[in-house]
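Inspection log for the structure reproduced underneath, given as structure tokens.
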Amino acid sequence: MKVRVRFAPSPTGGLHLGGVRTVLYNYLFARANKGEFILRIEDTDQTRFVEGAEKYIMDCLAWCGLEPDESPLKGGPFAPYRQSERKEMYHHYAQMLLDSGHAYYAFDTPEEIEKMRKDHRKDEYTNAQYDHNTRMLMRNSLTLGQEETARLISEGTPYVVRIKMPEHTTVTLTDMIRGEISFDSSLVDDKVLLKADGMPTYHLAVVVDDYLMEITHAFRGEEWLPSAPVHVLLWEYLGWKDRMPQWAHLPLILKPDGNGKLSKRDGDRLGFPVFAMNWTDPKTNEETRGFREMGFMPQAFVNMLAMLGWNDGTAQELFSMEELIAKFSIERVHKGGAKFDFEKAKWFNHQYIQKTDNETLAELAWPFIVEGGVVTNKELLVKVVGLIKDRCTLLPDFWEQGHFFFETPELREKGAILEKWNDQKQQFFAAWAAELTNASTWNQADMEASFNEHATKHGLKKGELMLPFRIMLVGGKYGPGVFAIAELIGKEETLKRINQALEQLLPNQL
RNA sequence: GGCGCGUUGGUCAAUCGGCUAAGACGCCUCCCUUUCACGGAGGAAUGACGGGUUCGAUUCCCGUACGUGCUACCA
């Protein structure tokens with residue numbers, strides 16, 4: 001049987017990094033097994049629908065290089081891939097469950113249910129469930145009888161369809177990560193399968209669609225474990241037990257400080273992204289920063305996520321997509337959740353920048369240079385990138401670390417020159433600049449030789465002059481070798497910066 | 001509260017009964033570098049607790065503690 005896996009998000013907002021990891025594991029598993037990876041949109045809750053979220057999710061997958069084989073956009077043999085467009089299909093299966101007695105109609109209003117929860121709760125903290133203990137107290141087809149039920153339905157009374165959970169049955173499932181897990185069915189409530197608006201809930205839809213779409217392996221977050229017995233029972237009641245996918249409940253990604261699921265809130269609070277790409281809430285217009293816009297390379301982002309909860313048993317941490325496909329195994333995924341470490345995420349990106357060729361880096365850095373407000377050309381950028389990539393961790397660093405190649409910088413740290421400035425140094429730079437004006441060559445070796453020569457002539461040590469020269473060219477105490485910078489920015493610009501600096505320094509001395 | 005899941009340094013983690021408990025991030029020291037980085041060499045830092053099983057438990061079992069998830073006509 002062909003391996004088919006699916007990622008089934010609900011289009012309600014930004015794509016969380018945990019979601020991307022789920023996609024990744026799906027994708028790797030599909031590729032490794034020559035199977036198919038499907039994107040299915042779970043938009044059965046119309047009250048939570050968010051404009052643009054579906055498109056955004058697909059854009060994120062494209063950026064990460066994790067494109068589905070079948071999706072609402074691409075189509076496929078099992079279309080449609082949006083649950084809202086599959087609405088009618090679910091009714092048929094709900095009816096099957098109704099006919100076999102595994103589900104029933106319920107007419108209770110939200111208020112009635114609320115009252116029941118309060119009236120029958122066991123202690124002051126816990127509300128009662130709609131389950132075998134309480135269902136015979138409610139208004140449903142079990143208590144009303146066939147005739148009354150038919151009447152209410154024909155009159156157009158709103159109703160839901162609930163699963164009738166059995167009592168005292170142990171439901172067992174084998175999870176690819178956790179092994180055997182058992183639940184007592186008596187403790188699970190009669191979950192709603194079909195809502196009053198005619199839409200299915202996740203519970204019905206996931207089972208029906210996984211069956212119809214011939215899903216063989218289902219990966220989802222650990223938060224679904226408690227409702228897994230409902231799904232297993234549904235597969236059984238619908239008569240598809242032998243076709244049930246193999247489950248794998250992935251561990252959660254936790255916040256770096258304290259415990260608990262990592263949320264968008266934590267990112268805002270601690271200053272790092274949680275979403276793959278920028279997300280703007282169409283209602284509030286609030287924008288949340290994403291990894292892409294913060295300057296991560298998609299390969300680094302993906303590699304980092306792969307390692308968050310999985311490793312191949314060796315010390316290797318850097319994997320290309322091909323290596324991941326070859327080496328990934330669901331059995332080696334951790335059971336416990338992992339705290340997200342932004343420092344480590346940055347380390348991955350730094351590694352990827354180092355191993356990427358300068359031409360590609362120039363392409364990636366280009367938008368950030370443009371954002372800095374200067375005009376340049378690709379050839380220059382390629383050279384600059386080669387000179388500064390060592391000290392770049394995120395893509396915007398190419399601007400931070402290289403802006404002075406494209407614009408005359410402000411002498412932010414001229415204080416460092418002033419502290420030890422004197423006439424002797426002033427004269428050195430004036431004289432050397434004059435010499436440079438007449439230089440017949442322009443390369444760092446010749447320049448450094450002449451610099452040394454002049455220093456000696458003025459009775460100065462090279463070491464006393466290097467820092468002032470750097471600040472004249474760069475504006476601060478950072479950047480690659482000064483003579484390499486001078487060579488790249490050219491004679492005219494170098495002289496301009498020296499002379500300008502000299503003008504600024506002179507008055508301070510008098 | 002109930003149920004499920006989990007628990008090796010600050011963080012990610014290896015180990016599938018032999019451990020003097022890898023490696024990476026971060027941190028600290030030194031070297032390299034007349035800047036900042038990169039790089040190199042060192043360092044501090046770990047098996048939640050209590051019982052078993054065993055010649056031997058980080059590894060297997062059982063408790064306890066702690067954490068976390070779920071307990072909706074949300075996914």
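Throughout, a chain's letter reflects where its sequence line sits, starting with A, and its residues are numbered from 1.
The nearest whole Å value for the distance from the CZ atom in A:F451 to the P atom in B:U35 is 13 Å. The separation between A:F348 atom CZ and B:G23 atom P is 17 Å, rounded to whole Å. Here B:U71 presents its C1' atom at 14 Å from CG of A:D190, a figure rounded to the nearest Å. With rounding to whole Å, A:D189 atom CG is found 12 Å from B:C74 atom P. Taking atom CH2 of residue A:W347 and atom P of nucleotide B:C38, one finds them 13 Å apart after rounding to whole Å. Atom C1' of nucleotide B:A13 and atom CG of A:L318 are separated by 16 Å, given to the nearest angstrom. Summarising the geometry, the separation between CD on A:E223 and P on B:G69 is reported as 10 Å, rounded to the nearest angstrom. Note: CD (A:Q46) to P (B:C73) measures 17 Å, nearest angstrom.
Between B:G1 and A:R121, no contact under 4.0 Å exists linking OP1 or OP2 to a side-chain N or O. Between B:U68 and A:K255, no contact under 4.0 Å exists linking OP1 or OP2 to a side-chain N or O. An OP1 or OP2 oxygen of B:A13 is reached within less than 4.0 angstrom by no side-chain nitrogen or oxygen of A:N311. Of the side-chain N and O atoms in A:R470, none sit less than 4.0 angstrom from OP1 or OP2 of B:U34. Dashed line: the shortest gap from a side-chain N or O of A:K195 to OP1 or OP2 of B:A75 is under 4.0 Å. Look at A:R220 and you won't find any side-chain N or O under 4.0 angstrom from OP1 or OP2 of B:C70.
For A:F469 and A:W432, the ring centers sit closer than 6.0 Å to each other. Here A:W224 and A:Y202 bring their ring centres to under 6.0 angstrom of each other. For A:F301 and A:F291, the gap between ring centers is short of 6.0 Å.
A 6.0 Å sphere centred on NZ of A:K383 holds no more than 12 heavy atoms belonging to other residues, nucleotides or ligands. For A:E85, the CD atom sits in a packed shell: over 12 heavy atoms of surrounding residues, nucleotides or ligands are nearer than 6.0 Å.
Minimum atom distance to the side chain of A:A196 is reached by B:C73, of the listed B:C73, B:C25, B:U35. Comparing B:A75, B:C25, B:U35 against the side chain of A:W224 picks out B:A75 as the nearest. Distances from the side chain of A:R117 to the nucleotides B:C73, B:C25, B:C70 place B:C73 closest. Relative to the side chain of A:E317, the nucleotides B:A24, B:A75, B:U35 differ in distance, and B:A24 lies closest. For A:I113, the side-chain atoms get nearest to B:C73 when compared with the rest of B:C73, B:U68, B:G26. If you check B:A13, B:A72, B:U68 against the side chain of A:A338, the one that comes closest is B:A13. Taking the side chain of A:T44 as heavy atoms from C-beta on, and the options B:A75, B:C73, B:U35, the nearest nucleotide is B:A75. Looking at the side chain of A:D390, the nearest of the listed nucleotides B:C70, B:A37, B:C12 is B:A37. Here the side chain of A:N259 is nearest to one of B:G10, B:C73, B:U68, namely B:U68.
Across all strands shown, A:P256 has no heavy atoms under 4.0 Å from either base or sugar-phosphate atoms. Backbone-only contact: A:G309 has heavy atoms under 4.0 Å from sugar-phosphate atoms and none from a base. Residue contacts shown for A:I471 are absent, as no nucleic acid heavy atom lies under 4.0 Å away. Residue A:K261 is classed as a sugar-phosphate contact, given heavy-atom separations below 4.0 Å to backbone atoms only.
Geometrically, A:K355 engages A:Y352 in a cation-pi contact defined by less than 6.0 Å to the ring centre and at most 45° from the axis. For the pair A:R162 and A:Y105, the NZ or CZ position fails the cation-pi test of under 6.0 Å to the six-membered ring centre and within 45 degrees of the ring normal.
Across the C1' atoms, B:G6 and B:A48 are found 13 Å apart, a figure rounded to whole Å. With P as the reference atom, B:C49 and B:U59 are 11 Å apart, rounded to whole Å. For the C1' atom pair drawn from B:U54 and B:G18, the interatomic distance equals 12 Å after rounding to whole Å. Nucleotides B:G47 and B:C38 place their P atoms 31 Å apart, quoted to the nearest Å. B:U11 and B:C19 have their P atoms separated by 26 Å, with the value rounded to a whole Å.
Atom NZ of A:K420 sits about 8.5 Å away from atom CD of A:E464, to the nearest 0.5 Å.
Side-chain contact of A:T408 with A:E493: a donor-acceptor pair under 3.5 Å is present, judged by distance alone.
In terms of position along RNA chain B, the nucleotide closest to A:G476 lies nearer the 5' end than the nucleotide closest to the other residue of the pair A:G476 and A:Y130.
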Short heteroatom pairs, N/O only, protein and nucleotides 2-9 of chain B, under 3.5 Å:
from	atom 1	to	atom 2	distance (Å)
B:C5	O2'	A:R178	NH1	2.5
B:C5	O2'	A:E222	OE2	3.3

Problem set entry | Dot-bracket encoding of pairs in RNA chain B, which uses [ ] for pseudoknotted crossings and | for another strand, Watson-Crick or G-U under 3.5 angstrom | (((((((..(((.....[....))).(((((.......)))))....(((((..]....))))))))))))....
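Taking the O4'-C1'-N9-C4 or O4'-C1'-N1-C2 dihedral as appropriate, B:C38 has a value within 90° of 0 and is therefore syn.
Under the ring pair (Phe, Tyr, Trp, His ring centres under 6.0 Å) test applied with A:F328, the options A:F319, A:W310, A:F219 reduce to a single match, A:W310.
A:Y478 and A:F404 have perpendicular rings, their planes meeting at more than 60° on a 0 to 90° scale where under 30° would count as parallel.
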For this session: Decide side chain to side chain contact (heavy atoms under 4.5 Å, CB included) for A:L361 and A:I353; before the verdict, give the C-alpha distance in whole Å, the side-chain angles of both, and the deciding distance to 0.1 Å.
Result: CA-CA 7 Å; A:L361 283 178; A:I353 285 179; 4.1 Å; yes
